[in-house]
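Structure first, commentary second.
Chain letters run A, B, ... following the sequence lines, proteins first and then strands; every chain starts at 1.
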There are 2 protein chains.
Amino acid sequence: MKLNDGPQTGSRVTSRGNSKASQKPKPSAGERRLGDFLCFAIYSANLAFGRAYKKGLDELGLTYPQWIAIVALWEQDGQTVSELGQKMFLESNTLTPILKKLEQMGYLRRQRDPADERQVRISLTEAGRRLREKGMHMNLMASTGLKPDEFARLQQNVVALRDNLIKATAEKAK
Amino acid sequence: MKLNDGPQTGSRVTSRGNSKASQKPKPSAGERRLGDFLCFAIYSANLAFGRAYKKGLDELGLTYPQWIAIVALWEQDGQTVSELGQKMFLESNTLTPILKKLEQMGYLRRQRDPADERQVRISLTEAGRRLREKGMHMNLMASTGLKPDEFARLQQNVVALRDNLIKATAEKAK
DNA sequence: TCCGATTAGATCGTACACGATGTATATAGA
DNA sequence: TCTATATACATCGTGTACGATCTAATCGGA
C-alpha cells in the first residue's frame, strides 16, 4: 500500500478530463511534434543501435564505447588520449575511465610519452588485437534493413550532418 | 612528479616504432574502419546534437532528455509512464528519475491513476507548458546545413533505420 | 473466492557524457 | 633563467541508460 516515494495516492484529481491541463491534444499549425525532430530520430536510433549491439558486445564482455575505442586503436596504435578523443568525439574526462577499464581488463597499455610526459600513449595488447578480430563478425547490416548502397549513402549523410553541427556549434561559440 | 594513478613513468617502452604493436596501420581488404560504421556515425551525430542543443537547453535549465519529455507530454497530456516510455524509447528505470526531477522543478505532476493504482499519470503544469512555448524557437535546421527537403528525407531514413533495428533486435530475441 | 502469475513503477549498481576543476609538464617571454 | 601561461590528462559531481531486482496492484483460473 505504501508507494516508495511514489506520488501520493491521497490527493486524487485525475488530470485528464476534468482539468484544463489536457486540452492541448493537437499541435497547432507549425508546431513540430516529437516525431518530426531530426535530433530525436538520431537520439532514438542511437538507443536502438546500442540495444542491437548488446548481444554481440556481451559476448566480448565490452560496452559500446569500449568497443569503439578498441576499433579506433586497432586502426592506429600508440595514439595519445586526445588523438583518440578526436576520433571518438570525446575528451579525457570521458575517455580516461574507459581506457583505465580496458587496461585493467588487459586489452591495452597506457604509458606516458617520455618525450612529453604530459601525454599518454595507448597501445593495444595482443589480447586487445585478438578481441578486435573476434568482434570482426559483428555486422548489423541486415538488421538495418538497408541495401549496401543505401547503407553507405545514409552513413555519409549522417556524417555530413554531424560535421555541420560541430562546425556550426564551434562558430556560434566564438 | 606524481601522476595521480596515471600509468607509471618508470617502465618506458615507447610502443610505436619498436614493437610489433604498431605495425597494423591499414585495415586489410574488407576490414571496416571506424569511419565506415553507421552505428558510429549515429553515435557521434547524437553527441554533436547534444552539444549543439546545449546552449538553448541551458537557457531553459533543462537537459536533453528532460526537454524531450516536456515535448512529448505537451503533445498529449495525462500519459502513463510506460506510454511516455514508448514514445521516448525508454523504460521506467530511466524515466522515473527524469520525471521526478521535472516534478520537483514544478513542470509536471505525477499521480497514481485511481482506476489502476499501478499506473502513474503524468501531466504538465502551467509552468511546464510555458517552458514548452519558451523552447519553441530552438531550431537547429540551419546548423544541420540541410535544406528542408533533405532534412525531412534524412529524418525519415533515420526513423526507418531505427524501426528496422528495433524489429530485428526483437525478432532475434525470440 | 483465493492464490499464483502478470503488470506497472521504482530502486539499485555500473558505465558512460560532460562541465568544472585540479595537477603535472612544457613553453615562452622578459 | 625564472616565472606566467598553456597544454594534457585526471578527478569530481550530476544526469542519463540499462540490466536486475523489488513492491504493490491487478488479473485469471480452479
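Judged as a side-chain contact (heavy atoms from CB on, under 4.5 Å), and not counting sequence neighbours, the contacts of E83(A) are Q79(A), T80(A), R121(A). Applying the salt bridge (charged side-chain N to carboxylate O under 4.0 Å, His left out) rule to E59(A) yields no partners; only residues at least two apart in sequence or on another chain are considered. Considering only residues two or more places apart in sequence or on other chains, E126(B) meets the side-chain contact (heavy atoms from CB on, under 4.5 Å) condition with R129(B), R130(B). Among residues two or more places apart in sequence or in another chain, the side-chain contact (heavy atoms from CB on, under 4.5 Å) test is passed with N157(A) by R153(A), L154(B). Applying the salt bridge (charged side-chain N to carboxylate O under 4.0 Å, His left out) rule to D116(B) yields the partners R118(B); only residues at least two apart in sequence or on another chain are considered. Shown here are the salt bridge (charged side-chain N to carboxylate O under 4.0 Å, His left out) partners of K55(A), two or more places apart in sequence or in another chain: there are none. D58(A) meets the salt bridge (charged side-chain N to carboxylate O under 4.0 Å, His left out) test with K54(A); sequence neighbours excluded.
Protein atom CG of D116(A) is 17 Å distant from nucleotide atom P of dA6(D), rounded to whole Å. Between E103(A) atom CD and dA15(C) atom P the separation is 16 Å, expressed in whole Å. The nearest whole Å value for the distance from the CD atom in Q79(B) to the C1' atom in dG9(C) is 16 Å. Nucleotide dA24(C) holds its P atom 11 Å from the CZ atom of R112(A), rounded to whole Å. Distance, R121(B) CZ to dA10(C) P: 13 Å, rounded to whole Å. Across the protein-nucleic acid pair, Q119(B) atom CD and dT6(C) atom C1' stand 14 Å apart, rounded to whole Å. As a whole-Å value, the separation of R118(A) CZ from dT25(C) P is 11 Å. Between the C1' atom of dC27(D) and the CD atom of E117(B) lies a distance of 16 Å, rounded to the nearest Å.
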Which donor-acceptor pairs under 3.5 Å do the side chains of residues 138-147 of chain B make with protein atoms, sequence neighbours left out?
from, atom 1, to, atom 2, distance (Å)
N139(B), OD1, M141(B), N, 2.8
T144(B), OG1, M141(B), O, 2.5
T144(B), OG1, L146(B), N, 3.2

Can you give the donor-acceptor pairs under 3.5 Å from side chains of residues 38-47 of chain A to other protein atoms, not counting sequence neighbours?
from, atom 1, to, atom 2, distance (Å)
S44(A), OG, F40(A), O, 2.7
S44(A), OG, A41(A), O, 3.2
S44(A), OG, R162(B), NH1, 2.8

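An OP1 or OP2 oxygen of dA10(D) is reached within less than 4.0 angstrom by a side-chain nitrogen or oxygen of R110(A). Phosphate contact (OP1/OP2 of dC16(C), side-chain N/O of K101(A), threshold under 4.0 Å): absent.
Listed by residue number, the members of residues 57-71 of chain B with any heavy atom below 4.0 angstrom from DNA chain D are T63(B), P65(B), Q66(B). For the contact set between residues 87-97 of chain B and DNA chain C, defined by any heavy atom under 4.0 Å, the members are S92(B), N93(B), T96(B). Contacts with DNA chain D (heavy atom under 4.0 Å) in residues 38-56 of chain A: Y43(A), L47(A), R51(A), K54(A), listed by number.
Residue K100(B) has its side chain nearest to dA10(C) when only dA6(D), dC9(D), dA10(C) are considered. Among the nucleotides dA15(C), dG9(C), dC9(D), the one closest to any side-chain atom of S82(B) is dG9(C). In this structure, the nucleotide among dG9(C), dT11(C), dT16(D) sitting nearest to the side chain of I98(B) is dT16(D).
Not a single donor-acceptor pair under 3.5 Å links the side chain of T94(B) to the backbone N or O of L90(B). A donor-acceptor pair under 3.5 Å is absent between the side-chain atoms of S123(B) and the main chain of D77(B), judged by distance alone.
Comment: E117(B) does not engage R112(B) in a salt bridge, judged by the lack of any side-chain N to carboxylate O separation of less than 4.0 angstrom.
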